[in-house]
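Read through the structure below, which is laid out as structure tokens, and then see the notes.
Chain letters run A, B, ... following the sequence lines, proteins first, then strands; residues in each count from 1. Remember, predicted model here, so these are calculated numbers, not experimental data.
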2 protein chains.
Amino acid sequence: MEAKIKAEILKILGDPTRLRVAHLLVASPKSLCVCEIVDALKLLQYRVSKSLVMLRRAGLVDVDRNGTWGYYRPKTEDETNHVLFDFVKEYCSGEPFDADLAGLSKRLVLREGEKCVVGFLPEKELQKLLRKKGVAA
Amino acid sequence: MEAKIKAEILKILGDPTRLRVAHLLVASPKSLCVCEIVDALKLLQYRVSKSLVMLRRAGLVDVDRNGTWGYYRPKTEDETNHVLFDFVKEYCSGEPFDADLAGLSKRLVLREGEKCVVGFLPEKELQKLLRKKGVAA
DNA sequence: ATATTATATGCATATATGAGCATATAGACA
DNA sequence: TGTCTATATGCTCATATATGCATATAATAT
């Protein structure tokens, strides 16, 4: 039954953590690795990791692995997903989604050559590195 | 937290029965009473009734009561819902959603003066009444 | 080799949810 | 009043899910 699958997918998005992760990926112009998502959303690593597993199982996201780092992105190859992604982008406005995106922009400053080169950091450490890069915290 | 509420709403839609009911209401040009939904979707009355309660609690649908009959409709007064409804309409294509709408059209033939005048019917009874009205089953 | 780091996962437990059935409520009408 | 009938809801059970923690895995760096 097709309704079961479609409902299943909505159920996956029906959790605050997963919705924030999905929204971040959908709204981000770049693939993101787990540590970047952790820092942007300020969530525990295992929570993000588990969310990504479920989003992947649901066929919503995919990962390009690059050594230890995994770069996640919305699975746009699947035509069916476009409607869903457009919706997520429009539906997830306001807080905390805006703050999530702001957190992500900051964190992405730490990339070097389009690559993630640090893991997830305690807030203080992140601020310090950002100052070093000359970015206002 | 706003994400919690938005996720909550998606979770409500994340169940096949509720998704079918929601889609039927969103796609229907008219408010529908419970018995019409039951016949269109061929589900048990208490399942439809419970789904409607949850959709109502989530602020997605509303009811105009008319004696024993309750006419349900998507709650469009809530601006936030428009994005959601547009999505549901687009996302819920194919089966069983198309068949649900077809079942609804047939059932709506039984209305008299825009009002529902019969409760939910066993399949045979429904067919008989439709033939009486001169509609191909 | 060893240590470190990024990411994934197993497990225990508490809680939530769905399915199914019986029954309550309340309006309509004889 | 009493009986239909449309709709709502209470209850129980089985299953599913979320949470939190500890730890596994596997690539990298020293």
A/Thr17 side chain to A/Arg47 side chain, donor-acceptor N/O pair below 3.5 angstrom: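 There is such a pair between these side chains.
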Protein-nucleotide distance ([X], atom [atom1]; [N], atom [atom2]), rounded to Å:
{"X": "A/Tyr71", "N": "D/dA27", "atom1": "OH", "atom2": "C1'", "value": "13 Å"}
{"X": "A/Leu32", "N": "C/dA6", "atom1": "CG", "atom2": "C1'", "value": "15 Å"}
{"X": "A/Asp15", "N": "C/dT15", "atom1": "CG", "atom2": "C1'", "value": "14 Å"}
{"X": "A/Leu44", "N": "C/dT7", "atom1": "CG", "atom2": "P", "value": "15 Å"}
{"X": "A/Lys11", "N": "C/dA16", "atom1": "NZ", "atom2": "P", "value": "15 Å"}
{"X": "A/Phe120", "N": "C/dA8", "atom1": "CZ", "atom2": "C1'", "value": "13 Å"}
{"X": "B/Lys50", "N": "C/dT17", "atom1": "NZ", "atom2": "P", "value": "14 Å"}
{"X": "A/Arg65", "N": "D/dT25", "atom1": "CZ", "atom2": "C1'", "value": "11 Å"}

Given DNA chain D, 5'-ward residue of the pair A/Arg47 and A/Trp69, judged by closest heavy atom: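 The residue closer to the strand's 5' end, by nearest nucleotide, is A/Arg47.
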Nearest-nucleotide comparison on DNA chain D, the residue closer to the 5′ end among B/Tyr46 and A/Asn66: B/Tyr46
Connected via hydrophobic side-chain network under 4.5 Å: B/Val21 and B/Val53: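 Each belongs to a different hydrophobic cluster.
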Short N-O contact, A/Glu77 and A/Arg73, less than 4.0 angstrom: yes
side-chain N/O A/Ser49 vs C/dA8 OP1/OP2, d < 4.0 Å: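 For C/dA8, OP1/OP2 do have a side-chain N/O of A/Ser49 under 4.0 Å.
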Give one of base, sugar-phosphate or nothing for [X], where a contact means two heavy atoms less than 4.0 Å apart.
{"X": "B/Arg56", "result": "nothing"}
{"X": "B/Arg18", "result": "sugar-phosphate"}
{"X": "B/Val38", "result": "nothing"}
{"X": "A/Val48", "result": "nothing"}

Closest heavy-atom pair and its distance - A/Tyr71, A/Cys116: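 Closest approach of A/Tyr71 to A/Cys116, heavy atoms only: OH-N, 2.9 Å.
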Considering all heavy atoms, the nearest B/Ile12-B/Arg18 contact: O-NE, 2.6 Å
base_contact_polar (C/dA8 base, A/Gln45 side chain, donor-acceptor, <3.5 Å):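 A donor-acceptor contact between them is present.
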